[in-house]
Amino acid sequence: MTLSKSMRFFGGLLILGLLLAALGQLRATAQTPGPETIEEGASLYLDNCAVCHGARGQGRVGATLAKDWPSIRPELTVRTIIAQGVPGSVMPAWGEQYGGPLNEAEIDALVAYILSWQTGGAPDLAPRPTYTPHPPISPVPQVE
């Protein structure tokens, strides 16, 4: 009789573990942005961000974005920087609640697009016809 109770106990633990794993997988799938979100982010990026960060995030006046973000939750880091800006730098706040023009959904789309560069999931979109890339900024001679 004791063996039967312990078998039921461990069977219940196994079922609970499988359910938790399935829920975790569903949550991860639900958080993966769809291609339409990434394309919206690409459009917003080219309209608002490419002038400072380059058409492919390679950096210009703004920081290089096509990189790995050293964070446990990179989406929160990128989201905070876009929404709030970076005080003391040329990065302005883009979130409506901080005086910028972008709403929450638009910022989410931008974050999805920027982070898609890490996985190779970003669409290869050409810059807008009105976007004219500027030559690289040359360092001033004899200044480190």
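A quick note: this is a predicted structure, and the numbers were derived from the prediction, not measured.
- A side-chain contact (heavy atoms from CB on, under 4.5 Å) with L110 is found for one member of I82, V78, I38, T37 and no other, namely I82.
- Under the side-chain contact (heavy atoms from CB on, under 4.5 Å) criterion, T77 pairs with W69, S71, I81, not counting sequence neighbours.
- Residues passing the side-chain hydrogen bond (donor to acceptor under 3.5 Å, both in side chains) test with E36: none are found, sequence neighbours excluded.
- In this structure N48 satisfies the side-chain hydrogen bond (donor to acceptor under 3.5 Å, both in side chains) test with no other residue, sequence neighbours excluded.
- Separation of atoms SG (C49) and CG (L102) is listed at 7.5 Å; rounding is to 0.5 Å.
- Using a 4.5 Å heavy-atom cutoff, the side chains of E106 and E40 are in contact.
- In the hydrophobic clustering of ILVMFWY residues, with side-chain heavy atoms under 4.5 Å counting as a link, L76 and I114 come out apart.
- R60 places no side-chain N or O within donor-acceptor distance of the main-chain N or O of A55, the cut-off being under 3.5 Å.
- Between Y98 and A83, the closest heavy-atom pair is CD1-O, 3.3 Å.
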**R79 and E104: CA distance, side-chain angles, deciding distance, side chain to side chain contact (heavy atoms under 4.5 Å, CB included) verdict** = CA-CA 9 Å; R79 179 174 230 304; E104 298 288 321; 2.8 Å; yes
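- The shortest heavy-atom contact between I107 and G95 is CD1-CA, 3.6 Å.
- Here S89 pairs with nothing under the side-chain hydrogen bond (donor to acceptor under 3.5 Å, both in side chains) rule; sequence neighbours left out.
- Partners of E96 according to the side-chain contact (heavy atoms from CB on, under 4.5 Å) rule, which considers only residues two or more places apart in sequence or in another chain, are N103.
- Identified under the ring pair (Phe, Tyr, Trp, His ring centres under 6.0 Å) test for residues 33-62, with sequence neighbours left out: Y45-Y113, Y45-W117.
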